[in-house]
Number of protein chains: 2
Amino acid sequence: MATVSRALAGSHPVSAATRARVMAAVESLHYVVNVHAKALSGGVAGPVALVMEQIIGPSFADVAAGVEQEAAARGRLSLVCTTHGDQGREHDLVQLMREQHAAAVILVGGAVLDEAYHERMAEYARALDAVGSRLVLCGRPPLPGDLPVTVVEYDNRGGAFQAGDHLLSAGHRRILYLGGDPAMSTAEQRRAGHLQALRAHGVPYAEELDIPGTYTRASGYDRMRDALKAGLDFTAVFAGTDMVATGVLAALREAGLDVPGDVSIMGFDDVPFAADLSTSLTTLRVPYEDLGRTAVRLALDGERRTSGGDHVILGTQLVIRQSVRPPGEKGTGRGRRGRT
Amino acid sequence: MATVSRALAGSHPVSAATRARVMAAVESLHYVVNVHAKALSGGVAGPVALVMEQIIGPSFADVAAGVEQEAAARGRLSLVCTTHGDQGREHDLVQLMREQHAAAVILVGGAVLDEAYHERMAEYARALDAVGSRLVLCGRPPLPGDLPVTVVEYDNRGGAFQAGDHLLSAGHRRILYLGGDPAMSTAEQRRAGHLQALRAHGVPYAEELDIPGTYTRASGYDRMRDALKAGLDFTAVFAGTDMVATGVLAALREAGLDVPGDVSIMGFDDVPFAADLSTSLTTLRVPYEDLGRTAVRLALDGERRTSGGDHVILGTQLVIRQSVRPPGEKGTGRGRRGRT
DNA sequence: CTGTGGGATGTAACGGGTTTCATCGCGAGG
DNA sequence: CCTCGCGATGAAACCCGTTACATCCCACAG
């Protein structure tokens with residue numbers, strides 16, 4: 001038994017004859033080592049767990065792809081778990097990953113940054129640290145205090161500033177901002193970036209143009225229809241997400257408005273089909289796959305473990321297509337007062 | 001130690017006082033059972049492994065979501081692994097899953113159905129069966145012979161027939177078929193369905209309109225440009241995939257052709273953004289998420305294990321949007337002879 | 001008052017590897 | 001020819017739970 005182990009692991013010298021016999025036996029018996037036994041006695045690298053609300057949606061799938069890729073390159077398995085927004089399930093999953101001795105638990109996606117959130121994360125961080133697992137926050141801001149947490153963000157605020165700046169530089173002054181849930185970190189950061197851009201251009205804030213929602217196509221569609229119905233005055237729409245932008249596009253089209261002739265649209269995410277929408281979307285590319293890869297890399301490499309953790313912010317990139325044009329260059333030019 | 005186990009598992013009676021003490025200790029020590037030890041000694045359900053070429057791409061992500069969802073509902077973890085088309089890696093992954101004692105290994109995506117493939121699958125099936133794992137083929141035809149394999153397909157051929165029939169019924173006779181790699185099972189099945197529809201309508205097969213490629217946007221774009229340049233005569237394009245259709249749409253648009261005014265397009269897959277393309281796509285909905293769910297359900301439920309395995313074929317559904325219109329209803333009407 | 005049944009808990013084996021330590025055999029050097 | 005030393009291999013401990021089995025103690029019935 002010991003010899004078999006040595007032969008298979010190659011950790012200690014074994015005679016060629018014995019090795020051959022072992023290999024033959026392994027072959028004929030279809031033998032495979034039992035990971036559990038192996039794990040129990042020593043080695044075995046724990047898997048990398050990715051915890052998100054849902055897989056559906058291009059950005060999450062991209063993060064997952066990045067994680068899987070990087071984990072596989074390091075000989076790790078990657079687990080995919082979804083919470084569907086249920087905190088109880090999130091908690092259970094973290095517990096489960098502790099049992100699994102996961103090398104890293106990556107929590108991805110925006111979150112509501114209230115007091116309870118911080119407590120929850122602190123608890124996760126400590127609990128995971130106690131069993132040698134690493135907590136990684138992906139696409140979320142770092143935690144206050146000195147917790148064993150690795151953070152990989154992308155620059156929501158900077159990106160939104162860049163995007164808003166692009167719109168403003170084109171001459172737009174009345175920009176309808178269709179954001180996400182204001183409680184969510186990403187939504188708030190993007191909104192902050194937009195507001196910052198407004199200030200930078202000396203454009204006064206108009207409350208009626210600042211509309212929250214969710215990051216879904218349906219939300220974009222509904223909010224846009226509402227806005228048109230309400231006769232809001234605007235020349236451009238800044239959608240919190242390409243999905244939102246897609247809904248906006250559909251609603252605008254239905255209303256007989258031309259993009260970008262009548263209304264400009266700015267997206268966010270650069271989903272794969274952004275270029276193929278009825279009007280190809282000017283948007284902001286977010287390096288989702290990179291985000292996943294970086295998360296794994298940071299969690300697994302480096303000897304840190306020095307109380308605090310790494311913190312990386314990935315940049316975003318403006319992708320200029322056809323959905324943004326200076327106002328008034330064609331068609332009615334200035335906004336729209338709905339069908340009133 | 002035994003008492004602790006009993007208290008936590010609740011399998012045997014333990015006095016309330018002892019249970020309380022155990023719980024307190026667990027709490028203060030942040031104790032969690034070791035899955036490996038637990039697995040070694042008895043229970044512990046193995047994870048469900050999903051093996052695919054890549055995660056990126058809406059259909060794969062949907063399958064993954066279905067698998068994760070159904071696995072989680074049964075208290076199983078789901079592993080995601082990608083092969084990137086490498087058979088060696090596929091083999092390694094199957095081996096790895098045997099070590100992991102995975103409950104099921106789900107291979108998803110079309111495959112080249114040659115002799116070597118069948119041998120490989122047969123080997124996988126037997127090897128997995130030997131350790132109590134189940135092999136599931138998802139989106140692929142069943143294997144010849146009596147192997148312990150579960151198969152979950154969707155009706156590629158029937159769907160393609162339906163789609164082709166839709167085009168033909170609209171009056172199209174010159175249909176450009178932009179298929180996938182003819183060696184791949186899904187591509188061949190779809191093509192067969194299309195040919196069947198042609199026959200059913202008494203339309204002769206035209207070799208120059210039967211163009212293979214890959215299921216990517218780039219392939220659709222390139223093939224379409226080539227076809228236009230070659231001056232092919234056609235009134236409709238049947239794209240093997242919505243991604244291909246997206247590329248076709250882009251190429252047609254660039255060439256100044258109107259869809260569906262000049263050319264009709266039929267897609268396949270009903271990707272989430274199909275409705276939002278420059279012309280919303282008439283396509284065939286494939287129940288990818290269902291596919292994943294069914295795969296897990298079949299693999300985990302049922303006592304079968306009776307040599308052979310289940311075989312389920314899921315239906316598809318025609319989704320009529322705006323990219324198909326009878327030929328000649330507007331514009332040039334009859335195909336296009338390129339820029340020649 | 002004693003026998004007995006049963007709840008509560010300790011003991012030990014087991015699962016399947018890895019690793020340390022001990023043993024053994026053989027070739028080379030003294 | 002003897003011994004030292006090292007490569008090869010066997011024995012046993014260990015990893016950490018679960019569970020069958022053995023104890024032990026107490027309450028209740030006879």
Side-chain angles (χ1 to χ4, degrees), chain A residues 1-47 49 75-77 92 94-103 127-133, chain B residues 1-47 49 75-77 79 92-103 127-133:
Chain A
M1 193 80 277
T3 304
V4 173
S5 175
R6 283 186 278 244
L8 291 177
S11 53
H12 294 269
V14 173
S15 77
T18 308
R19 163 168 292 119
R21 278 193 303 134
V22 169
M23 290 312 181
V26 164
E27 190 69 22
S28 69
L29 272 60
H30 289 284
Y31 170 87
V32 273
V33 297
N34 182 326
V35 266
H36 301 301
K38 177 179 283 189
L40 205 47
S41 57
V44 179
R76 308 273 183 162
L77 252 24
D92 291 349
V94 170
Q95 198 67 1
L96 193 58
M97 289 313 131
R98 293 209 318 136
E99 294 182 11
Q100 294 282 335
H101 292 264
L128 287 169
D129 193 58
V131 295
S133 296
Chain B
M1 193 78 280
T3 305
V4 173
S5 176
R6 285 185 278 244
L8 292 178
S11 53
H12 294 269
V14 174
S15 78
T18 307
R19 163 167 292 118
R21 279 195 302 134
V22 169
M23 292 309 183
V26 165
E27 190 69 22
S28 70
L29 270 60
H30 289 285
Y31 169 86
V32 274
V33 297
N34 182 327
V35 266
H36 301 300
K38 177 180 282 191
L40 249 197
S41 54
V44 180
R76 308 273 184 161
L77 252 25
L79 294 163
D92 291 348
L93 282 172
V94 170
Q95 199 67 2
L96 193 57
M97 289 314 132
R98 293 206 322 134
E99 294 181 13
Q100 295 282 335
H101 292 262
L128 288 169
D129 193 58
V131 295
S133 295

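Chain letters run A, B, ... following the sequence lines, proteins first and then strands; every chain starts at 1.
Taking OG from B/Ser5 and NZ from B/Lys38, the interatomic distance works out to 8.0 Å, rounded to the nearest 0.5 Å.
The nearest whole Å value for the distance from the CG atom in B/Leu40 to the P atom in C/dG15 is 10 Å. Between A/His12 atom NE2 and D/dG10 atom C1' the separation is 14 Å, expressed in whole Å. We find that CG of B/Asn34 is positioned 16 Å from P of C/dG16, with the value rounded to whole Å. In this entry the distance linking NE2 of B/His101 with P of C/dG15 reads 14 Å, nearest Å. The distance from atom CD of A/Glu99 to atom P of D/dC15 is 20 Å, rounded to the nearest whole Å. Distance, A/Leu29 CG to C/dG16 C1': 15 Å, rounded to whole Å. Put simply, NE2 on B/His36 is 19 Å from P on C/dG15, counting in whole angstrom units. Atom pair A/Lys38:NZ and D/dC16:P shows a separation of 18 Å (rounding to whole Å applied).
Between the side chain of B/Arg76 and the backbone N or O of B/Gly46, at least one donor-acceptor pair lies under 3.5 Å.
Out of D/dC16, C/dG10, D/dA8, the shortest distance to the side chain of B/Ala37 is found at D/dC16. When distances run from any side-chain atom of B/Ala2 to the nucleotides C/dT11, C/dA8, D/dT9, the shortest one goes to C/dT11. Checking D/dA8, D/dT18, C/dG16 against the side-chain heavy atoms of A/Ser41 singles out C/dG16 as nearest. Listed candidates were D/dT19, D/dT9, C/dG10. Nearest to the side chain of B/Ser5 is D/dT19.
By the 4.5 Å heavy-atom criterion applied to side chains, A/Val22 and A/Arg19 are not counted as neighbours. For the pair B/Leu79 and B/Met97, the minimum side-chain heavy-atom distance is below 4.5 Å.
A sub-4.0 Å separation between OP1 or OP2 of D/dG7 and a side-chain N or O of A/Ser15 is absent.
Nucleic acid contact class of B/Val22 (heavy atoms, under 4.0 Å, all strands): none.
Donor-acceptor pairing under 3.5 Å, judged by distance alone, is present between the side chain of A/Arg6 and the base of C/dT20.
The only member of A/Arg98, A/Glu99, A/His36 that meets side chain to side chain contact (heavy atoms under 4.5 Å, CB included) when paired with B/Val35 is A/Glu99.
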